[in-house]
Peer 1: 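I'd like to ask you about the structure that follows.
Just so you know, these numbers come straight off a predicted model, no measurement behind them.
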Amino acid sequence: MSAATLPAATREIRLASRPVGRPTAENFRLAESPLPALGDGQVMVKNLFISVDPYMRGRMNDVKSYSPPFELDEALDGGAVGEVIASRSAALKEGDVVVHSLGWREYAVLDAEAVKPARTDLAPAPAFLGALGMTGLTAYAGLLKVAEFKPGDAVFVSGAAGAVGSLVGQIAKVMGASRVIGSAGSPAKVARLLDLGFDAAFDYHDGPVRDQLEQTAGSAGIDVYFDNVGGEHLEAALSVLNIGGRVAMCGAIAQYNATEPTPAPRNLALAIGKQLTLRGFLVGGQRQHSAEFAGKMAGWLADGTVRYDETIVDGLENAPQAFMDLLDGANTGKMLVRL
């Protein structure tokens, strides 16, 4: 694309105010921002898909955390996959599809080192924000490295119809789990988990999670809990975990919009007698497993061993609503915004 026809500005979603509790439309603003001129070693990318993810809720609070908070009246950021439309880098050419972290906008100017080529010969572009991207690495490393899964383990996954949880269950099955149990938020999601190969699944709205998990796990109990939810689910898992059980603490979506402190599991002392291991983790600390993960997942996707779902919302202006819907569990699989 010639310099004369390159866009001079981009539409973007900014954080208008910090949410208190559940985010609302008033917390976001659609704005336009000028694009910087392309420097040596840089590329301009037209975003095709952007990712909205639960962890972004924490970054909307002005608190010290593992990831810096979003700035007020500045564009939000996050995973995106797009097409290079101009390049001043020898490593990338126009038409290349790349993954980067300047989402929530239509166009982005980045250093070539800040983008990663997407192997669209292996899978469609949006898969590199999901099953073949950070989502997939989270599931793979969380289960196999953090929870130290071994063949024969019985596994319980909360938020199991979400982008990470649905992959965790399938990876556990292919790696030799004795039983995989998932919890989800609707009958349709429960049915989808069974279709994906989960041995059992339940709707957490149907009764106390502990009762349903005890009934589903039976006398065999569970050896690994992959926690995407926290709260009542974590408490239930502590009750049902076997001696020497392991918990990979990935997320706590049930608590992200809380305005009051949330109580810890009331039965945390069970971890002592059961000699449990509870390990929190961030995907950023698991990047050393990226190559191993990418090779395995590409094979599993190619032969149909692992399948993935996407919930796609069209239009940058609808990204805030997609994010709010994600926190309410409206998605099955990965929530994406198509631009």
Side-chain angles (χ1 to χ4, degrees), residues 9-36 45-82 98-111 114-116 129-130 133-135 137-138 162-164 228 230 250-262 280-285 287 311 313 315-331 334-339:
T10 181
R11 293 196 309 158
E12 62 191 23
I13 301 292
R14 296 180 182 174
L15 187 65
S17 57
R18 299 201 182 278
V20 177
R22 186 187 183 280
T24 65
E26 289 69 39
N27 299 132
F28 304 92
R29 186 163 68 87
L30 181 64
E32 191 170 280
S33 183
L35 285 165
V45 178
K46 179 184 181 185
N47 285 336
L48 302 172
F49 291 86
I50 66 171
S51 177
V52 292
D53 301 288
Y55 81 87
M56 295 173 174
R57 177 61 187 86
R59 294 188 63 196
M60 293 174 185
N61 300 329
D62 189 13
V63 295
K64 187 175 181 181
S65 183
Y66 63 86
S67 200
F70 291 127
E71 297 289 340
L72 283 176
D73 211 38
E74 296 285 344
L76 299 162
D77 59 63
V81 63
V98 296
V99 181
H100 62 89
S101 61
L102 290 184
W104 294 84
R105 68 200 79 193
E106 290 176 320
Y107 298 95
V109 172
L110 304 112
D111 293 338
V115 308
K116 183 178 177 183
L129 296 176
M134 285 298 170
T135 301
L137 180 59
T138 301
V164 172
N228 290 306
C250 178
I253 195 167
Q255 298 164 299
Y256 288 163
N257 289 331
T259 55
E260 297 293 328
T262 52
F281 76 102
L282 302 173
V283 68
R287 293 180 195 274
T311 299
V313 172
L316 177 68
E317 64 279 5
N318 295 318
Q321 188 62 52
F323 173 71
M324 291 183 281
D325 289 346
L326 169 79
L327 294 177
D328 289 339
N331 59 301
K334 181 74 178 177
M335 180 71 95
L336 295 167
V337 178
R338 179 166 49 201
L339 306 188

Peer 1: Say you draw a straight line from CE of M56 to CG of D77; how long is it, rounded to the nearest 0.5 Å?
Peer 2: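 Here the interatomic distance stands at 7.0 Å.
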
Peer 1: State which residues pass salt bridge (charged side-chain N to carboxylate O under 4.0 Å, His left out) with E71; sequence neighbours excluded, sorted by chain then number.
Peer 2: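 Checked E71 against salt bridge (charged side-chain N to carboxylate O under 4.0 Å, His left out); zero matches.
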
Peer 1: Would you say the side chain of T259 lies within less than 4.5 Å of the side chain of V20, judging by non-hydrogen atoms?
Peer 2: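 Side chain of V20 against side chain of T259, heavy atoms only: contact under 4.5 Å found.
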
Peer 1: Excluding sequence neighbours, so at least two apart, what forms side-chain hydrogen bond (donor to acceptor under 3.5 Å, both in side chains) with R287?
Peer 2: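 Scan of R287 (side-chain hydrogen bond (donor to acceptor under 3.5 Å, both in side chains), adjacent residues dropped) gives none.
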
Peer 1: Which atom pair, heavy atoms only, marks the closest approach of P23 to F323?
Peer 2: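 Between these two residues, the closest heavy atoms are CG-CE2, 4.0 Å.
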
Peer 1: With rounding to the nearest 0.5 angstrom, report the OG1 to CZ distance, T138 to F281.
Peer 2: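 That separation rounds to 6.0 Å.
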
Peer 1: CG/L326 to CG/N331 distance, rounded to the nearest 0.5 angstrom?
Peer 2: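 So the gap between those two atoms works out to 5.0 Å.
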
Peer 1: Over all heavy atoms of both residues, which pair between R14 and D73 is shortest? Give the atoms and the distance, please.
Peer 2: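 The pair with the smallest heavy-atom distance is CD-O, 3.6 Å.
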
Peer 1: What residues, two or more places apart in sequence or in another chain, satisfy side-chain hydrogen bond (donor to acceptor under 3.5 Å, both in side chains) together with R18?
Peer 2: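 If we apply the side-chain hydrogen bond (donor to acceptor under 3.5 Å, both in side chains) test to R18, skipping adjacent residues, there are no hits.
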
Peer 1: Could you state the interatomic distance from CG (L316) to CD1 (I13), rounded to the nearest 0.5 Å?
Peer 2: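 Separation between the atoms: 4.5 Å.
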
Peer 1: Nearest 0.5 angstrom please: F70 CZ to L15 CG, how far?
Peer 2: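 Interatomic distance, F70 CZ to L15 CG, rounded to 0.5 Å: 8.0 Å.
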
Peer 1: Atom CG in D325, atom OG1 in T311: separation rounded to 0.5 Å?
Peer 2: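 Between D325 CG and T311 OG1, I get 10.0 Å after rounding to 0.5 Å.
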
Peer 1: For S17, check side-chain hydrogen bond (donor to acceptor under 3.5 Å, both in side chains) against everything at least two apart and list the hits.
Peer 2: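 In terms of side-chain hydrogen bond (donor to acceptor under 3.5 Å, both in side chains), with neighbours along the sequence ignored, S17 is linked to N27.
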
Peer 1: Nearest heavy-atom pair of G79 and L129: which atoms, and what distance?
Peer 2: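 So the two residues come closest at C-CD2, 3.8 Å.
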
Peer 1: Step by step, would you call F28 with M60 a side chain to side chain contact (heavy atoms under 4.5 Å, CB included)?
Peer 2: CA-CA 11 Å; F28 304 92; M60 293 174 185; 3.6 Å; yes

Peer 1: Give the C-alpha distance, both sets of side-chain angles, the deciding distance and a yes or no for side-chain hydrogen bond (donor to acceptor under 3.5 Å, both in side chains) between T24 and E26.
Peer 2: CA-CA 5 Å; T24 65; E26 289 69 39; 3.1 Å; yes

Peer 1: Stepwise, does the side chain to side chain contact (heavy atoms under 4.5 Å, CB included) test hold for I50 with R105?
Peer 2: CA-CA 8 Å; I50 66 171; R105 68 200 79 193; over 6 Å; no

Peer 1: Can you sort out the partners of S51 under side-chain hydrogen bond (donor to acceptor under 3.5 Å, both in side chains), two or more places apart, ordered by chain and number?
Peer 2: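 Testing S51 for side-chain hydrogen bond (donor to acceptor under 3.5 Å, both in side chains), a comparison that skips the adjacent residues, returns D53, K334.
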
Peer 1: At their closest point, which heavy atom of G21 faces which heavy atom of R57, and how far apart are they?
Peer 2: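 Looking at all heavy atoms of both residues, the shortest contact is O-NH2, 2.8 Å.
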
Peer 1: Salt bridge (charged side-chain N to carboxylate O under 4.0 Å, His left out) with R11: which residues, sequence neighbours excluded?
Peer 2: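 Expected list: E106, E317.
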
Peer 1: Locate the shortest heavy-atom distance separating G78 from Y55; write the atom from each residue and the value.
Peer 2: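 Heavy atoms only, the tightest pair is CA-OH, 4.1 Å.
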
Peer 1: Mind listing the closest non-hydrogen atom pair of D328 and R22 along with its distance?
Peer 2: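 The answer is OD2-NH2, 2.5 Å.
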
